[in-house]
Novice: 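Handing you a structure now.
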2 protein chains.
Amino acid sequence: MSQEQGNAPEPTLARLTRYLRCLRRLSDEGIQTISSKQLEARLGVLSAQIRKDLSYFGEFGKPGVGYNVQHLLERLSEVMQLDREHRAVIAGAGNLGSALAGYAGFAKSPFRIVGMFDNNFSKIGRLLWNLEIQDIHELPRINQTLGATIGILTVPANAAQEVADIMVDAGIRAILNFAPAHIHVPCHIAARDVDLLRELEILSYYLDRLPAEDEAKSDTAPEADGLDS
Amino acid sequence: MSQEQGNAPEPTLARLTRYLRCLRRLSDEGIQTISSKQLEARLGVLSAQIRKDLSYFGEFGKPGVGYNVQHLLERLSEVMQLDREHRAVIAGAGNLGSALAGYAGFAKSPFRIVGMFDNNFSKIGRLLWNLEIQDIHELPRINQTLGATIGILTVPANAAQEVADIMVDAGIRAILNFAPAHIHVPCHIAARDVDLLRELEILSYYLDRLPAEDEAKSDTAPEADGLDS
DNA sequence: GGTCGCCTGTGAAACTTTGCACAAAGATTA
DNA sequence: TAATCTTTGTGCAAAGTTTCACAGGCGACC
């Protein structure tokens with residue numbers, strides 16, 4: 001029986017993105033069918049886990065055969081809403097914001113950077129990767145035209161909340177926050193934090209706390225969670 | 001009774017970094033004592049959760065009083081090994097690598113970028129943020145001098161594994177991987193993935209799946225997990 | 001058509017993490 | 001000193017997630 005609601009666990013969603021990446025590669029390789037056991041071999045995720053993850057969204061496989069790569073790829077893309085373009089704006093034209101704006105990986109993704117914003121008058125008006133840096137306070141007005149649904153926050157920590165509020169005002173419905181600060185958003189807005197310093201601090205904890213160098217490239221360390229090749 | 005081993009759950013470690021950030025701010029504000037209930041009000045983490053998290057590492061508070069901010073700050077810093085400097089190298093002098101190398105937030109952290117590496121001969125030798133870009137293949141030799149324990153991976157996905165191997169060769173013991181690819185490391189190496197596209201894909205899933213705009217700035221959306229202030 | 005081997009989807013068990021509730025302990029007041 | 005208030009640390013229950021194990025479906029081969 002298939003469920004269809006949005007009640008899949010978060011860890012499942014994270015793994016789904018890995019399955020997708022693997023499926024895209026399989027598709028490129030011209031492989032048409034794959035079983036959960038074969039996926040386990042490629043991803044290091046238990047086959048039962050894979051089947052359970054998929055079962056949250058429907059029944060995609062054939063017993064005795066496995067999954068049709070193309071079909072599963074399309075279905076999971078639908079589930080993740082990756083079958084349509086998503087427009088995003090970046091707030092904060094500093095080092096990180098500039099780097100993200102120029103990220104080549106977006107080309108093959110459904111995500112498009114359609115606007116770049118800052119509050120620094122010496123930056124506003126300048127061109128960056130073919131985008132003119134605009135005044136962050138104009139975002140609500142300008143986004144009526146841009147129609148971005150995703151906001152990427154690359155401002156300093158002390159400005160994060162203020163800019164997040166502006167984004168919500170502007171009709172942004174999902175925020176990816178790179179500032180090392182927590183932002184409060186209304187419950188109809190999705191928000192995630194990506195925090196360089198936090199990641200380093202967690203790695204710091206593990207330094208000198210790992211099994212000891214008995215070699216054997218058995219990757220079972222406290223990895224966050226991996227991705228496809 | 002206090003435990004001291006490294007058997008704390010990962011979610012606890014992630015929250016610990018949030019407690020630390022809050023404690024640093026409290027310390028700056030000159031606040032000397034804080035209770036788990038007050039922390040709950042500031043962080044949105046249940047007080048019982050906070051106490052349980054802390055209990056993995058010892059007993060730091062006084063019943064009837066709370067925690068001494070400075071003392072807890074120092075103890076947690078020890079636990080996370082943030083009381084000493086950590087040297088890190090960056091591999092991949094592209095947009096993202098360059099941005100991270102220049103990240104101002106490192107100044108107040110125990111992390112120091114001590115080397116910048118790439119495989120592109122047109123980049124090797126150039127200066128970036130006062131660091132000379134060096135040949136990635138020289139890392140094992142050069143790191144005998146640098147003594148970096150942390151490696152930050154900002155190379156394209158298809159080079160990630162190869163460069164990770166070089167890092168392990170070079171004595172790096174923790175890897176922060178920004179490439180959209182999974183890397184395999186020996187079990188005595190810590191590794192974490194930070195993946196822009198994955199985060200966007202997860203946000204994409206939540207778009208149009210949230211409670212609907214009934215306003216009320218009640219932040220109880222599917223936030224990843226927040227940070228202080 | 002029957003038999004065999006493989007693979008899916010899923011209920012139930014095992015494990016992990018969170019949240020609750022309370023005993024014990026320090027502070028405060030009288 | 002006793003009564004009261006506050007807050008910690010933790011055993012236990014609840015919730016969430018992963019893993020196991022198997023019934024039943026499908027294809028291949030004889």
Side-chain angles (χ1 to χ4, degrees), chain A residues 1-16 18-19 23 31-69 71-72 75-76 79 202 220 222-226, chain B residues 1-16 18-19 23 31-69 71-72 75-76 79 202 220 222-226:
Chain A
M1 292 298 124
S2 74
Q3 304 180 351
E4 54 186 88
Q5 293 185 15
N7 53 355
E10 256 249 3
T12 290
L13 297 179
R15 284 189 297 270
L16 239 44
R18 300 180 54 193
Y19 306 156
L23 288 167
I31 293 170
Q32 300 190 329
T33 297
I34 192 135
S35 71
S36 60
K37 203 71 190 171
Q38 290 171 301
L39 281 170
E40 169 175 334
R42 288 184 176 248
L43 294 171
V45 177
L46 232 45
S47 64
Q49 179 78 78
I50 296 172
R51 295 198 299 277
K52 176 85 76 184
D53 284 340
L54 298 180
S55 77
Y56 284 104
F57 302 103
E59 305 187 5
F60 306 111
K62 266 193 206 171
V65 183
Y67 302 92
N68 178 286
V69 170
H71 179 248
L72 186 56
R75 288 322 188 78
L76 290 188
V79 165
I202 294 174
T220 327
E223 296 168 27
D225 66 320
Chain B
M1 292 296 123
S2 75
Q3 305 181 350
E4 55 185 87
Q5 294 185 15
N7 53 356
E10 257 247 4
T12 290
L13 297 179
R15 282 189 298 269
L16 240 43
R18 300 179 54 193
Y19 305 157
L23 288 166
I31 294 171
Q32 300 190 330
T33 296
I34 191 133
S35 71
S36 60
K37 203 71 190 171
Q38 291 172 301
L39 281 170
E40 169 174 335
R42 288 184 175 248
L43 294 170
V45 177
L46 232 45
S47 64
Q49 179 77 78
I50 295 171
R51 295 197 300 275
K52 175 89 74 183
D53 285 338
L54 298 180
S55 77
Y56 284 105
F57 302 103
E59 305 186 7
F60 306 111
K62 267 193 203 170
V65 182
Y67 302 92
N68 177 286
V69 171
H71 179 247
L72 186 57
R75 288 321 188 77
L76 290 188
V79 164
I202 294 173
T220 327
E223 296 168 29
D225 68 316

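These numbers come from the heavy atoms of this one structure, side chains and all, not from hydrogens, waters or symmetry mates.
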Novice: For A:Y67, check side-chain hydrogen bond (donor to acceptor under 3.5 Å, both in side chains) against everything at least two apart and list the hits.
Specialist: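 If we apply the side-chain hydrogen bond (donor to acceptor under 3.5 Å, both in side chains) test to A:Y67, skipping adjacent residues, there are no hits.
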Novice: Is A:S47 touching bases, backbone alone, or none of the nucleic acid, heavy atoms closer than 4.0 Å?
Specialist: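 No contact at all - A:S47 keeps every heavy atom at 4.0 Å or more from the nucleic acid.
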Novice: What is the distance from CD1 of A:I34 to C1' of C:dT8, rounded to the nearest Å?
Specialist: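 Checked: the CD1 to C1' distance equals 15 Å.
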Novice: A:L72 has an atom CG; how far is it from atom P of C:dC7, in whole Å?
Specialist: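 Value for this atom pair: 16 Å.
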Novice: List for me each residue that meets side-chain contact (heavy atoms from CB on, under 4.5 Å) alongside A:Q38, sequence neighbours excluded, and say none if there are none.
Specialist: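 Partners of A:Q38 under the side-chain contact (heavy atoms from CB on, under 4.5 Å) test: A:I34, A:S35.
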Novice: Quick one: side-chain contact (heavy atoms from CB on, under 4.5 Å) partners of A:Q32, sequence neighbours excluded?
Specialist: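 In terms of side-chain contact (heavy atoms from CB on, under 4.5 Å), with neighbours along the sequence ignored, A:Q32 is linked to no residue.
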Novice: Going 5' to 3' through nucleotides 23-30 of chain C, assign each nucleotide B (protein heavy atom under 4.0 Å from a base atom), S (under 4.0 Å only from sugar-phosphate atoms) or - (no protein heavy atom that close).
Specialist: --BSS---
Novice: Is the shortest heavy-atom distance from the side chain of B:D53 to the side chain of B:L13 under 4.5 Å?
Specialist: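 Sidechains of B:L13 and B:D53: no contact.
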Novice: Who are the side-chain contact (heavy atoms from CB on, under 4.5 Å) partners of A:K62, not counting sequence neighbours?
Specialist: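 Here the qualifying residues are A:V65.
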Novice: Any non-hydrogen side-chain atom of B:L76 less than 4.5 Å from a side-chain atom of B:L23?
Specialist: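 Side-chain contact under 4.5 Å: yes.
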Novice: Quick one, give me the B/S/- string for nucleotides 12-22 of chain D, reading 5' to 3', where B means a protein heavy atom under 4.0 Å from the base and S means that only happens at the primed atoms, P, OP1 or OP2.
Specialist: B----SSBBB-
Novice: Using a 3.5 Å distance criterion without hydrogens, assess whether the side chain of B:R18 forms a donor-acceptor pair with backbone atoms of B:L43.
Specialist: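 Answer holds: yes.
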Novice: From CG of A:N68 over to C1' of C:dT8, roughly how many Å is that when rounded to an integer?
Specialist: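 Result: 15 Å.
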Novice: With a 4.5 Å cut-off on side-chain heavy atoms, are A:L72 and A:Y19 touching?
Specialist: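 Side-chain contact under 4.5 Å: no.
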Novice: Round to a whole Å and report the spacing from NZ of B:K37 to P of D:dG9.
Specialist: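 Atom NZ in B:K37 sits about 16 Å away from atom P in D:dG9.
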Novice: Under 4.0 Å from OP1 or OP2 of C:dC7: is there any side-chain N or O of A:S36 that close?
Specialist: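 No, A:S36 has no side-chain N/O under 4.0 Å of OP1/OP2 on C:dC7.
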Novice: Check whether any side-chain heavy atom of B:Y56 sits under 4.5 Å from a side-chain heavy atom of B:P9, and report yes or no.
Specialist: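 SC-SC contact between B:Y56 and B:P9 confirmed.
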Novice: Quick one: B:H71 NE2 to D:dT8 P, roughly how many Å, whole number?
Specialist: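 Taking atom P of D:dT8 as the reference, NE2 of B:H71 is at 14 Å.
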Novice: Report the distance from atom CD1 of B:I50 to atom P of C:dT17, rounded to the nearest whole Å.
Specialist: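 Computing the B:I50:CD1 to C:dT17:P distance gives 18 Å.
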Novice: Report the distance from atom CG of A:L39 to atom P of C:dC6, rounded to the nearest whole Å.
Specialist: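 Value for this atom pair: 18 Å.
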Novice: Output the rounded distance in Å from OH (A:Y67) to C1' (D:dG25).
Specialist: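 It is 13 Å, rounded to the nearest whole Å.
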